[in-house]
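Lettering follows sequence order; numbering is per chain, from 1.
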Amino acid sequence: MSSALKIYNTLTRSKEFFEPIDRSNVRLYVCGPTVYDYAHIGNARPIIVFDLLFRLLRHLYGENNVKYVRNITDVDDKINARAAERGITIRELTEKTNQIFQADVKALGCLDPTVQPRATEHIAQMIQLIERLMSAGHAYAADRHVLFSVPSMPQYGELSRRSLDEMLAGARVDVAPYKRGDMDFVLWKPSQSSEPGWDSPWGRGRPGWHIECSAMSWAHLGEIFDIHGGGIDLIFPHHENEIAQSCCAFDREIMAHYWMHNGFLQVEGEKMSKSLGNFVTIHELLASETFGGRAWSGAILRLAMLRTHYRQPIDWTVKALEDAAKVYNDWMRAIDRVTPSEPTEEFIVALNDDLNFAKAEAHLHILKKSNPAALAACLKFMGFASHEAASDNQSEEAQLAKIGLTKSDLEQLISQRIEARLTKNWTESDRIRDQLESLGVSLKDNKDGTTSWTVIS
RNA sequence: GGCCUCGUGGCGGAGUGGCUACGCAGAGGACUGCAAAUCCUUGUACUCCGGUUCGAAUCCGGACGAGGCCUCCA
């Protein structure tokens, strides 16, 4: 058994030893995407970070003893608006967007969560939760809405550490006439006939923002579970309200024992926004050359993301990606044709310290020289699969074709050059090398007299 | 205005009281016909001002700076 896992708990603002409720059923819930558009690189951060945590938990407690739930929110007013804008059905939009999301996440080297529940398949649980809240006096119906009564929960605000007074002081709250308390939030709201809706005791309507996570975590992990994760911006109001809903519905003090939040992401030093023109999607990083003049493999994106500790703000820059690519390629060379052994104890210990990837990475640099088999195992552990190398080779073939060369042409040129070099005909040798270089193929003469090549652009 | 993070060398980024993290880039060298790759060596740091201490990047206070939340944005 490795030394114990410590994680930073937003509830207590401190690092704590992780103690699962049930070692044979460790439960993790992470807020997943609202599927209305391509996921941006900021969305990728929690996906990658919590995938690493999932892998670590599986290692510590056993692959079959960890349950990871990441929801798909497929009912939301942004979805309705976008579908209307494009003239397609909501179902078409959410299906298509989800497919792209799944492909993106796979490219980033993430394991599938144990369950990816959809909000629209948990409407019944949401209604049950709301009914519980109403009968317990924590919610009320008004004007076809159902609202959570924030004043009914004295400990409201514990996660974000703000009191009701503070919130009311500076907040621009939406003071709807049907609200009893200014901070009360919507659990259920009425739908127009043009909007998606479900029958409920309060008429045809749809859920408010926060209730879906309370319903889905309940359905798949139970009333109380171990870890709840998400972006730092979700602490308030989303997670605060999830806690309010779940704790009040089940009459519990706690919804999840550990709350983990990843830091925000900036792009080249500025907040990512469509108006600044620096909005970067996962898809375009993978498939286009719009960021940094080249496409980036999922592994490089993953490494670049993990190189900044998950709680720190991260600045997403071309330079950081270039650095990550260098490190990654260096490692791939080191583990070429190496059979992975086992991740080292030291590596696990580093990750056990609140996912201290930087410490782990420093150790990997040592392993590169001392123990490539262990390096390969550590990389595999983190989702940097060795099959990457194979797929890179395939793309090199494709790239050769793109620059108008076949592999046999190239090999013929290389053997011509080797002959020239044997007769010390450096002029001819350099001519061939320059020719290939201008086509985009870089040559490397090895000690043993062979020549290897890589496509450079 | 309220609340919360954070400020380490050219860049990224660990480190929570004393002993050079690490990586990238840079410099020097080895190897090479020349390159590339590889290997060896190597410089540069702790935002500022006070305080605690024998001793602080590390603890406390303050200033300045950056970012986030309070607006269904991860």
Quiz prompt | Selection from B/A74, B/C34, B/C24 that lies nearest to any side-chain heavy atom of A/Leu265 | solution = B/A74

Quiz prompt | Out of B/C22, B/G33, B/C24, whichever nucleotide has its closest atom nearest the side chain of A/Ala362 | solution = B/C22

Exercise. Using only heavy-atom distances, decide whether a donor-acceptor pair under 3.5 angstrom links the side-chain of A/Asp330 to the base of B/G23.
Key: no

Quiz item: To the side chain of A/Asp76, which of B/A35, B/G68, B/C72 is closest?
Solution: B/C72

Self-check item: Between B/A74 (P) and A/Ile41 (CD1): distance, integer Å
Solution: 14 Å

Practice problem: Indicate, with a heavy-atom threshold strictly under 4.0 Å, whether A/Ile47 touches base, sugar-phosphate, or nothing. | Solution: nothing

Practice problem: Could you tell me whether the phosphate oxygens of B/G23, OP1 or OP2, come under 4.0 Å of any side-chain nitrogen or oxygen in A/Lys319? | Solution: no

Practice problem: Could you measure between the two P atoms, the one in B/A56 and the one in B/C49, and give it in whole Å? | Solution: 14 Å

Quiz item: Whole-Å distance between B/C22 C1' and A/Glu346 CD?
Solution: 12 Å

Quiz item: Can you tell me how far C1' in B/C39 sits from the matching atom in B/C48, rounded to whole Å?
Solution: 43 Å

Quiz item: When you compare B/U52 with B/U58, how far apart are their C1' atoms, in angstrom units rounded to a whole number?
Solution: 14 Å

Quiz prompt | Side-chain donor-acceptor pair present, A/Asp184, A/Ser149, cut-off under 3.5 Å | solution = no

Quiz item: Any N or O donor-acceptor pair linking the side chain of A/Arg433 to the base of B/A35 at under 3.5 Å?
Solution: yes

Exercise. With rounding to the nearest 0.5 Å, note down the distance linking CG in A/Leu375 to NE2 in A/His365.
Key: 9.5 Å

Quiz item: With a non-hydrogen cut-off below 4.0 angstrom, is A/Lys369 in contact with a base, only sugar-phosphate, or nothing?
Solution: sugar-phosphate

Quiz item: Hey, does A/Lys326 reach any base, or is it just sugar-phosphate, or nothing, if we go heavy atoms under 4.0 Å?
Solution: sugar-phosphate

Exercise. Kindly say whether, by distance alone, the side chain of A/Arg13 makes a donor-acceptor pair under 3.5 Å with the base of B/C4?
Key: no

Quiz item: What nucleotide, of B/C34, B/G15, B/A36, holds the atom closest to the side chain of A/Asn356?
Solution: B/G15

Quiz item: Rounded to whole angstroms, how far apart are CG on A/Asn262 and P on B/C69?
Solution: 13 Å

Quiz item: Between B/U38, B/A14, B/G33, which one does the side chain of A/Arg333 approach most closely?
Solution: B/U38

Self-check item: Gap between atom CG of A/Leu221 and atom CE of A/Met255 - 0.5 Å precision
Solution: 9.0 Å

Quiz item: Do NZ/NE/NH1/NH2 and the carboxylate oxygens of A/Glu428 and A/Arg417 come within less than 4.0 Å?
Solution: no

Self-check item: For atom CD of A/Gln266 and atom C1' of B/U5, their distance in whole Å
Solution: 13 Å

Quiz item: Which part of the nucleic acid does A/Gly42 contact within heavy-atom distance under 4.0 Å: base, sugar-phosphate only, or nothing?
Solution: base

Quiz item: Per the side chain to side chain donor-acceptor pair (under 3.5 Å) rule, which among A/Gln116, A/His122, A/Arg27, A/Gln125 passes with A/His220?
Solution: A/His122

Quiz item: In terms of the nearest nucleotide of RNA chain B, which residue is placed more toward the 5' end: A/Arg311 or A/Cys31?
Solution: A/Arg311

Quiz item: Do A/His138 and A/Ser152 have side-chain atoms, one donor and one acceptor, less than 3.5 Å apart?
Solution: yes

Practice problem: Using atom NZ of A/Lys368 as one end and atom P of B/C24 as the other, report the distance to the nearest whole Å. | Solution: 6 Å

Quiz item: With distance as the sole criterion, is a donor-acceptor pair present between the side chains of A/Glu411 and A/Ser415 under 3.5 Å?
Solution: no

Self-check item: Face-to-face contact A/Phe264 to B/G67 six-ring, under 5.5 Å, under 30°
Solution: no

Self-check item: N/O (side chain, A/Ser442) to phosphate O (OP1/OP2, B/A36) under 4.0 Å
Solution: no

Quiz item: For A/Ile432 and B/A36, what is the distance between atoms CD1 and P respectively, to the nearest whole Å?
Solution: 20 Å

Exercise. For A/His365 and for A/Lys359, locate the closest nucleotide of RNA chain B by heavy-atom distance; then report the residue assigned to the nucleotide nearer the 5' terminus.
Key: A/Lys359

Quiz item: Which nucleotide sits closest to the side chain of A/Asp353: B/G12, B/G33, B/G15?
Solution: B/G15

Quiz item: Going by modelled atom types, is there a donor-acceptor pair between the base of B/G33 and the side chain of A/Ser429 at under 3.5 Å?
Solution: yes

Quiz item: Taking the same atom, C1', in B/A30 and in B/A21, what whole-Å distance lies between them?
Solution: 27 Å

Quiz prompt | Separation of B/C34 P from A/Glu428 CD (nearest whole Å) | solution = 19 Å

Practice problem: Measure from NE2 on A/His238 to P on B/A74 and round the result to the nearest Å. | Solution: 9 Å

Quiz prompt | Nearest-angstrom distance, P atom, B/A63 to B/C24 | solution = 41 Å

